[in-house]
Amino acid sequence: MTTTISQHDYHGDGDSETSISISVIENLKEEYGLFVWPCSVILAEYVWQHRSRFRHSSILELGAGTSLPGLVAAKVGANVTLTDDASKPEVLDNMRRVCELNKLNCNVMGLTWGVWDAPIFDLQPNIILGADVLYDSSAFDDLFATVSFLLQSSPDAVFITTYHNRSGHHLIEFVMVKWGLKCVKLLDGFSFLPSHKASVLSGNIQLVEIVLSSNNQKL
């Protein structure tokens with residue numbers, strides 16, 4: 001088992017007061033949940049660049065793994081809950097360690113997509129984050145069922161996710177519509193990434209913002 005700590009820096013417009021640094025514990029020989037994937041880097045950068053939007057918001061990160069986007073949100077003043085599969089205690093333990101490492105007080109909980117355990121009913125996030133949660137098409141229904149449920153509990157909430165566009169946006173769009181969701185923003189993930197970060201990443205990565213369709217809003 002090879003454990004390492006990676007550092008991720010974010011800088012404002014020449015003002016040291018608006019610079020932050022996040023340390024992430026990665027396990028390079030463990031499962032996917034303990035590695036910072038490119039989608040996480042891009043989503044975390046998006047959070048940083050729109051930090052005024054996230055400050056004082058209630059944030060829920062799904063499939064958080066190493067949790068970089070959620071940690072950035074916490075660092076800029078959001079109230080953050082980090083979640084990952086309830087059947088992966090080693091990933092949840094790593095999330096708690098990385099919160100301690102960064103002196104951040106995030107709530108960490110197991111949340112398995114498509115499983116309606118009691119804690120999910122108490123969650124009312126303004127913004128849901130998910131980095132590279134659309135890698136397995138067999139899990140799309142469980143993911144979007146969970147997202148749809150969470151959005152219905154929070155009026156005006158939004159799901160922001162980054163994903164590798166491996167098979168086109170069409171399948172994702174189809175499942176979104178099935179669960180009463182719609183895309184309101186679609187960006188090339190590299191379009192807002194600083195060049196020094198973009199130069200070490202590859203892939204066709206997109207960022208999408210998803211909300212409830214108007215006909216799926218609770219009356």
Side-chain angles (χ1 to χ4, degrees), residues 1-12 16-113 115 117-133 143 146-147 150 154 157-162 197:
M1 188 168 74
T2 303
T3 300
T4 185
I5 295 179
S6 59
Q7 185 168 315
H8 304 265
D9 298 320
Y10 302 86
H11 303 288
S16 61
E17 292 296 314
T18 57
S19 296
I20 65 169
S21 182
I22 300 289
S23 297
V24 174
I25 303 169
E26 298 186 69
N27 187 333
L28 302 182
K29 290 190 176 178
E30 195 50 78
E31 58 184 287
Y32 293 120
L34 297 178
F35 186 77
V36 178
W37 295 100
C39 284
S40 292
V41 174
I42 289 173
L43 185 55
E45 184 67 34
Y46 189 76
V47 171
W48 170 248
Q49 291 186 18
H50 297 84
R51 52 194 176 276
S52 61
R53 176 184 180 187
F54 288 84
R55 192 173 295 125
H56 307 308
S57 291
S58 177
I59 308 295
L60 174 71
E61 185 172 0
L62 295 174
T66 51
S67 310
L68 183 58
L71 294 170
V72 171
K75 202 80 167 180
V76 302
N79 176 21
V80 177
T81 298
L82 303 171
T83 72
D84 211 308
D85 194 323
S87 67
K88 296 179 178 177
E90 70 284 356
V91 175
L92 298 174
D93 287 343
N94 192 73
M95 289 156 64
R96 295 185 184 97
R97 284 194 296 270
V98 83
C99 289
E100 292 172 8
L101 180 63
N102 290 282
K103 298 180 171 59
L104 292 171
N105 184 24
C106 300
N107 181 30
V108 175
M109 62 178 279
L111 192 162
T112 304
W113 306 337
V115 176
D117 289 333
I120 196 173
F121 295 97
D122 296 325
L123 296 171
Q124 292 189 317
N126 305 118
I127 301 173
I128 304 167
L129 299 174
D132 211 9
V133 291
L143 171 64
T146 300
V147 168
L150 290 167
S154 303
V158 61
F159 174 44
I160 308 174
T161 184
T162 47
K197 293 186 179 183

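In this chain, residues are counted from 1 in sequence order.
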How long is the gap from CG on N102 to CG on L68, to the nearest 0.5 Å?
9.5 Å
What do the steps show when you test Q7 against S21 for side-chain hydrogen bond (donor to acceptor under 3.5 Å, both in side chains), and what is the final call?
CA-CA 7 Å; Q7 185 168 315; S21 182; 3.1 Å; yes
How far does NE2 of H8 sit from NZ of K197, to the nearest 0.5 angstrom?
8.5 Å
What distance do L62 atom CG and T83 atom OG1 have between them, rounded to the nearest 0.5 Å?
4.5 Å
Decide side-chain contact (heavy atoms from CB on, under 4.5 Å) for C99 and L71; before the verdict, give the C-alpha distance in whole Å, the side-chain angles of both, and the deciding distance to 0.1 Å.
CA-CA 8 Å; C99 289; L71 294 170; 4.1 Å; yes
Taking the side chain as C-beta and beyond, is there a heavy-atom pair between N27 and E90 under 4.5 Å?
no
Trace of the side-chain contact (heavy atoms from CB on, under 4.5 Å) decision for N79 with F54
CA-CA 9 Å; N79 176 21; F54 288 84; over 6 Å; no
Is any side-chain heavy atom of V98 closer than 4.5 Å to one of T66?
no
Evaluate the side-chain proximity of D84 to L92: yes if any heavy-atom separation is below 4.5 Å, no if none is.
yes
Can you tell if the side chain of I59 reaches within under 4.5 Å of the side chain of T81, non-hydrogen atoms only?
no
Run the numbers on R53 and V158 for side-chain contact (heavy atoms from CB on, under 4.5 Å), then give the verdict.
CA-CA 12 Å; R53 176 184 180 187; V158 61; 3.6 Å; yes
Rounded distance (nearest 0.5 Å) linking atom CD1 of I25 with atom CG of L34
9.5 Å
Starting at NZ of K75, measure out to OG of S19 and round the result to the nearest 0.5 Å.
12.0 Å
For E26 and S6, does a side-chain donor sit closer than 3.5 Å to a side-chain acceptor?
yes
Can I get a per-line list of side-chain donor-acceptor pairs under 3.5 Å for residues 119-130, giving both atom names and the distance, sequence neighbours left out?
residue	atom	partner	partner atom	Å
Q124	NE2	S153	O	3.3
N126	OD1	S58	N	2.8

Side-chain contact, heavy-atom cut-off 4.5 Å: E61 with L82?
yes
Please tell me if the side chains of V41 and V36 come closer than 4.5 Å, counting only heavy atoms from C-beta onward.
yes
Where does the angle between the aromatic ring planes of Y46 and H50 fall among parallel (under 30°), tilted (30 to 60°) and perpendicular (over 60°)?
tilted
Does F159 reach the side chain of V133, with side-chain heavy atoms less than 4.5 Å apart?
yes
Less than 4.5 Å apart, any side-chain heavy atom of D93 and any of K88?
no
Enter the distance from Y10:OH to I22:CD1 here, rounded to the nearest 0.5 Å.
7.0 Å
